[in-house]
Amino acid sequence: MIYLMTLRCGDQPGIVHAASTAIVAVGGNILENDQFTDPVTNLFCMRTRFETLAGDIEDVRNRIATDLSKFTPTLGLRPEDARRRVLIMVSTSDHCLADLLYRRENGDLPVDIVAVVSNHPDLGPLAARYGVPFYEVAVLPTAKLEAEARLRELVEALDVDFVVLARYMQVLSPGLCEELRGRIINIHHSFLPGFKGARPYHQAYERGVKLIGATAHFVTADLDDGPIIDQDVVRVSHARTSGDLVALGRDVERVVLARAVKLMAEDRVALVGKRTVIFAQ
């Protein structure tokens, strides 16, 4: 069986030695290993892919956790073929959702999309076309907490690993952001940190920018200010209209969000303070 192990802890001597010794102790053979020490936080991050004949994941987990216990790490371990369970949240724009559903169906995204949640009914038929359960959870100005309570219920009942905001146009409460810290990602239709908030392409047009882009980032209580996972840009000229920028932006959003979801699905993203470490493929 092939396992993926992720590890994050304060940097100090002996971490790699202890991890590799533990893997050998369970009959493991390391197939791939990436590591990095973040100079800002002094956090050591590692992603290891290894094979072993040991079939009981709890035995493997216990041995690795015991051998690494003195480093008090945040430790993750799972079979590589255990797909991450994803819940997608949308409003009325369909381009990001359609792209993720298409990529999943064609085997380009190693995830199980267990539900689509929306504050509008518009995209229910799209989810149904791909056989994904659709839940309409209205967000009324006087009942936002009730809507978030329903979201919590779904996350727990469906055993969701992480949530994707695929153009979900509601602001989540600070409490929910903290509760699901590191488990919610968003696609922002702008190249952050510029042009935050609503209508960023129109803001960019008014400023005459020559580059527009999109940013996939973790969701925090600070609007559009979470740690960045992936970004991309396209070049534009003065002759482009605001409508052109919106159309070009949609294309970039699809690609950037899909890359971010794939990185998350393959455990290639490590949170280090306000930054991320990305173990690219």
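We count residues from 1, following the sequence as given.
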Would you check if [X] and [Y] make a side-chain contact, meaning some heavy-atom pair closer than 4.5 Å?
X    : Y    : value
F50  : T52  : yes
V90  : Y168 : no
M264 : F218 : yes
T92  : R167 : no
L4   : L77  : no
V163 : V86  : no
M5   : L75  : yes
R275 : D38  : yes

*Would I57 and Y3 satisfy side-chain contact (heavy atoms from CB on, under 4.5 Å), going step by step from the backbone distance to the final call?*
CA-CA 9 Å; I57 189 172; Y3 290 96; 3.6 Å; yes

Mind checking the [atom1]-[atom2] spacing from [X] to [Y]? Nearest 0.5 Å is all I need.
X    : Y    : atom1 : atom2 : answer
D159 : L154 : CG    : CG    : 13.0 Å
R47  : I278 : CZ    : CD1   : 11.5 Å
I15  : S20  : CD1   : OG    : 11.5 Å
S93  : D122 : OG    : CG    : 9.5 Å
I30  : E32  : CD1   : CD    : 11.0 Å
T66  : R61  : OG1   : CZ    : 12.0 Å

Taking every non-hydrogen atom, the tightest pair across [X] and [Y]:
X    : Y    : answer
A115 : Y135 : CB-CE1, 3.7 Å
A147 : A138 : CB-O, 3.6 Å
L43  : G10  : CD2-N, 4.0 Å
P227 : T276 : CB-CG2, 3.7 Å
I185 : V219 : C-CG2, 4.1 Å
L68  : A18  : CD2-CB, 3.7 Å

If only atom types and distance count, is the side chain of [X] paired as donor or acceptor with the main-chain N or O of [Y] below 3.5 Å?
X    : Y    : result
S91  : M169 : yes
S118 : P121 : no
T220 : D222 : yes
T215 : H188 : no
R268 : F279 : yes
E148 : S173 : yes

Same cluster or not: are [X] and [Y] linked, directly or through other Ile, Leu, Val, Met, Phe, Trp or Tyr residues, by side-chain heavy atoms under 4.5 angstrom apart?
X    : Y    : value
L271 : V277 : no
L180 : L158 : yes
Y102 : F134 : yes
L109 : L165 : no
I184 : I187 : no

_Determine whether Q170 and K144 satisfy the following criterion, side-chain contact (heavy atoms from CB on, under 4.5 Å), listing intermediate values before the conclusion._
CA-CA 10 Å; Q170 292 289 324; K144 285 196 172 186; 3.8 Å; yes

_Evaluation steps, side-chain contact (heavy atoms from CB on, under 4.5 Å), between V164 and L257_ = CA-CA 9 Å; V164 178; L257 183 58; 3.8 Å; yes

*Give a yes or no on whether R235 atom CZ has more than 12 heavy-atom contacts from other residues, nucleotides or ligands under 6.0 Å away.*
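No, CZ of R235 has 12 or fewer neighbouring heavy atoms, counting only those of other groups under 6.0 Å.
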
*Would you say E156 has more than 12 foreign heavy atoms packed within less than 6.0 Å of its CD?*
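Atom CD in E156 is not crowded, with 12 or fewer foreign heavy atoms closer than 6.0 Å.
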
*Show the numbers, then the answer: is there a side-chain contact (heavy atoms from CB on, under 4.5 Å) between V137 and N119?*
CA-CA 5 Å; V137 180; N119 56 324; over 6 Å; no

In plain terms, say whether [X] and [Y] are close enough for a salt bridge, that is, a side-chain N and a carboxylate O under 4.0 Å apart.
X    : Y    : result
K262 : E266 : yes
R183 : E178 : no
R85  : D161 : no
D267 : R84  : yes
R63  : D67  : yes
D112 : R104 : no
R250 : E253 : no

*asked:* Just to verify, what does V16 make a side-chain contact (heavy atoms from CB on, under 4.5 Å) with, not counting sequence neighbours?
replied: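 Here the qualifying residues are Q35, F44, M46.
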
*List for me each residue that meets side-chain contact (heavy atoms from CB on, under 4.5 Å) alongside T21, sequence neighbours excluded, and say none if there are none.*
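Per chain and number, T21 pairs via side-chain contact (heavy atoms from CB on, under 4.5 Å) with H17.
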
*Using the side chain to side chain donor-acceptor pair (under 3.5 Å) rule, take T48 and N33 through it: C-alpha gap first, then chi angles, then the decisive distance, then the call.*
CA-CA 4 Å; T48 305; N33 189 74; 2.5 Å; yes

*Checking side chain to side chain contact (heavy atoms under 4.5 Å, CB included) against V261, which of I88, I229, V111 comes through?*
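Considering I88, I229, V111, a side chain to side chain contact (heavy atoms under 4.5 Å, CB included) with V261 is found only for V111.
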
*asked:* Applying the salt bridge (Lys or Arg N to Asp or Glu O under 4.0 Å) criterion to R259, which one of D99, D232, D108 satisfies it?
replied: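 With R259 as partner, salt bridge (Lys or Arg N to Asp or Glu O under 4.0 Å) holds for just one option, D232.
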
